[in-house]
Every structure is written in structure tokens, then in C-alpha cells.
Amino acid sequence: MITLYGKAASRASRNLWVLEELGLEYKHVPYDHNKGETKNPAYMAINPAAKIPALTDGDVAMTESLGMNLYLAQTYGAGKLWPADALGQAKCIQWTLWSATELEPPAVGRLMQLFMTPEDKRDMNQVQVFAERTKRTLDTLNIALSKSPFLAGNAFTVADINVAAVAEYLVRTKFDLSPWPAVQKWLTACLERPANQKVMQMKVAA
Ligand SMILES: N[C@@H](CCC(=O)N[C@@H](CS)C(=O)NCC(=O)O)C(=O)O
């Protein structure tokens with residue numbers, strides 16, 4: 001049995017999206033790091049960093065939300081979220097790394113400043129720096145999506161989830177995506193998928 005740790009309104013939403021997309025059976029333990037729920041020894045044996053999300057699957061323990069999605073797609077998503085060919089698989093890894101290293105730092109940095117920093121402590125110069133970095137990543141993404149309907153080729157895969165789940169921060173913070181039409185079209189279609197819509201409901205309900 002797969003167990004996913006982490007409340008829906010956290011990076012665990014990325015994993016819920018994959019679990020729902022694949023129709024897998026799983027147990028959800030909605031730990032909240034802000035309530036100290038990740039500091040218990042049993043959980044820290046799974047994730048010594050005491051962060052969410054984490055996942056167990058029998059003897060397997062995984063951390064890092066985007067890596068967890070690669071595990072789920074590779075293990076349970078053959079022909080669905082995990083491509084059959086080596087190039088498609090490499091593309092899934094490429095875009096996952098890109099998401100973690102290029103897109104997430106400025107997108108999360110901006111979100112933290114705008115949504116989690118009190119107005120009197122907010123650094124609008126930082127917000128601008130993050131916005132400029134984000135624009136460069138969107139240029140890259142727009143070029144890729146102008147050549148191919150999905151990031152790993154002609155089919156929706158875990159690559160799309162691992163990038164779209166991070167790009168969703170831009171939607172949430174009302175970043176104007178209209179200068180990147182291919183990104184806007186692709187992102188809207190990804191976020192509208194029933195599996196993601198279900199996760200959005202879980203976030204609201206939590
Ligand atoms: N790179 C990690 C980041 C995990 C992370 O920072 N999670 C946040 C919640 S979304 C957390 O647990 N923060 C608590 C802390 O930083 O101590 C991942 O993608 O899983």
C-alpha cells in the first residue's frame with residue numbers, strides 16, 4: 001500500500017495529482033509541518049529533514065516531491081505517465097530537473113514574498129528579481145511547447161505534471177502569462193485535468 005504524507009495544500013499536491021491521474025489506491029496522512037506534525041520520530045525515519053511530502057510503498061521510502069512523482073510514474077504509469085522509449089524517459093527527467101532548478105526557485109520565491117511575507121516586510125526588489133528570472137524560464141518553456149504539444153513528446157506524461165504543478169504558482173500569484181501563449185494554453189489544459197481538479201478540491205476542503 002502506498003502512503004503519502006503531507007497535507008494537500010503543500011507540495012504533496014503534486015503527488016496527489018499523479019496518484020489520482022493513475023487511479024492508484026493510497027492512504028493519505030495529511031501531516032502539516034506548521035503544526036509540528038512532521039517532527040515525530042516515526043516520520044523522521046522516513047524523512048529526516050522533517051519536511052513534507054514523503055511517500056512509502058512497502059519497503060520503499062521516498063522524499064522530494066518531484067522525484068516521488070518519477071518513482072510513481074516509472075513504477076505504476078508505464079504507457080500512461082511514463083513513456084516507453086528512452087528519449088521520452090530522459091525528457092521526463094530533464095524537465096523534472098528543469099522544474100526543480102530553473103522554475104521553482106523564482107516561482108516559489110515570488111509566492112513566498114507575495115503570500116507569506118507581511119506587507120511591511122515584503123521586498124519588492126526581490127519580487128521583481130524573481131519575476132525577471134521567471135520570464136526567462138517561460139521563454140524556454142514556450143519554445144519547447146511551440147514545437148511539441150507536451151514536454152516529453154506527443155503524450156501527456158509526468159514531465160508535464162512536474163512542470164505544471166510548479167507553474168501553477170504563477171497562476172496563483174496572477175503572473176501575466178499572455179506573452180507566452182503556448183505555455184498558457186498547455187498550462188490551462190494541464191490544470192483542468194480531472195485528476196488535478198480533484199486535488200484542488202482537496203486543498204480547499206483541508
Ligand atoms: N524539495 C522538497 C521541498 C519540501 C518542502 O520544503 N516542503 C515544505 C512544505 S511544502 C516543508 O515541509 N517545509 C518545512 C520546513 O522547511 O521545515 C520537495 O520538493 O519535496
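As the structure lists them, so they are numbered: ligands from 1, and atoms in each ligand from 1. Just so it is clear, the structure is predicted and the values come from calculations on it, not from any experiment. Along the sequence shown, the residues carry numbers beginning at 1.
Two different hydrophobic clusters hold Tyr169 and Val204 under the rule that ILVMFWY side chains link at heavy-atom gaps under 4.5 Å.
Using a 4.5 Å heavy-atom threshold, the side chains of Trp180 and Leu170 count as separate. Residues Leu111 and Met116 form a side-chain contact, since some pair of their non-hydrogen atoms from C-beta on lies under 4.5 Å apart.
The stretch residues 23-66 participates, sequence neighbours left out, in these ring-ring contact (aromatic ring centres under 6.0 Å, His included) pairs: Tyr5-Tyr31, Tyr5-Tyr43, Tyr31-Tyr43.
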Show me the donor-acceptor pairs, under 3.5 Å and distance only, between side chains in residues 161-168 and residues at least two apart or in other chains.
{"residue": "Asn162", "atom": "OD1", "partner": "Asn69", "partner atom": "ND2", "Å": "2.9"}
{"residue": "Asn162", "atom": "ND2", "partner": "Leu66", "partner atom": "O", "Å": "3.3"}
{"residue": "Asn162", "atom": "ND2", "partner": "Thr96", "partner atom": "OG1", "Å": "3.0"}
{"residue": "Glu168", "atom": "OE1", "partner": "Arg172", "partner atom": "NE", "Å": "3.4"}
{"residue": "Glu168", "atom": "OE1", "partner": "Arg172", "partner atom": "NH2", "Å": "2.9"}
{"residue": "Glu168", "atom": "OE2", "partner": "Arg172", "partner atom": "NE", "Å": "3.2"}

Show me the donor-acceptor pairs, under 3.5 Å and distance only, between side chains in residues 144-153 and residues at least two apart or in other chains.
{"residue": "Ser146", "atom": "OG", "partner": "Asn142", "partner atom": "O", "Å": "2.5"}
{"residue": "Ser148", "atom": "OG", "partner": "Phe150", "partner atom": "O", "Å": "2.5"}
{"residue": "Ser148", "atom": "OG", "partner": "Gly153", "partner atom": "O", "Å": "3.2"}

Using a cut-off of under 3.5 Å, which N/O atoms of ligand 1 pair up with protein N/O atoms, and what distance separates each pair?
{"residue": "ligand 1", "atom": "1 (N)", "partner": "Glu64", "partner atom": "OE1", "Å": "2.7"}
{"residue": "ligand 1", "atom": "1 (N)", "partner": "Glu64", "partner atom": "OE2", "Å": "3.3"}
{"residue": "ligand 1", "atom": "6 (O)", "partner": "Arg11", "partner atom": "NH1", "Å": "3.3"}
{"residue": "ligand 1", "atom": "7 (N)", "partner": "Ile52", "partner atom": "O", "Å": "2.7"}
{"residue": "ligand 1", "atom": "12 (O)", "partner": "Ile52", "partner atom": "N", "Å": "3.0"}
{"residue": "ligand 1", "atom": "19 (O)", "partner": "Ser65", "partner atom": "N", "Å": "3.4"}
{"residue": "ligand 1", "atom": "19 (O)", "partner": "Ser65", "partner atom": "OG", "Å": "2.7"}
{"residue": "ligand 1", "atom": "20 (O)", "partner": "Ser65", "partner atom": "N", "Å": "2.9"}

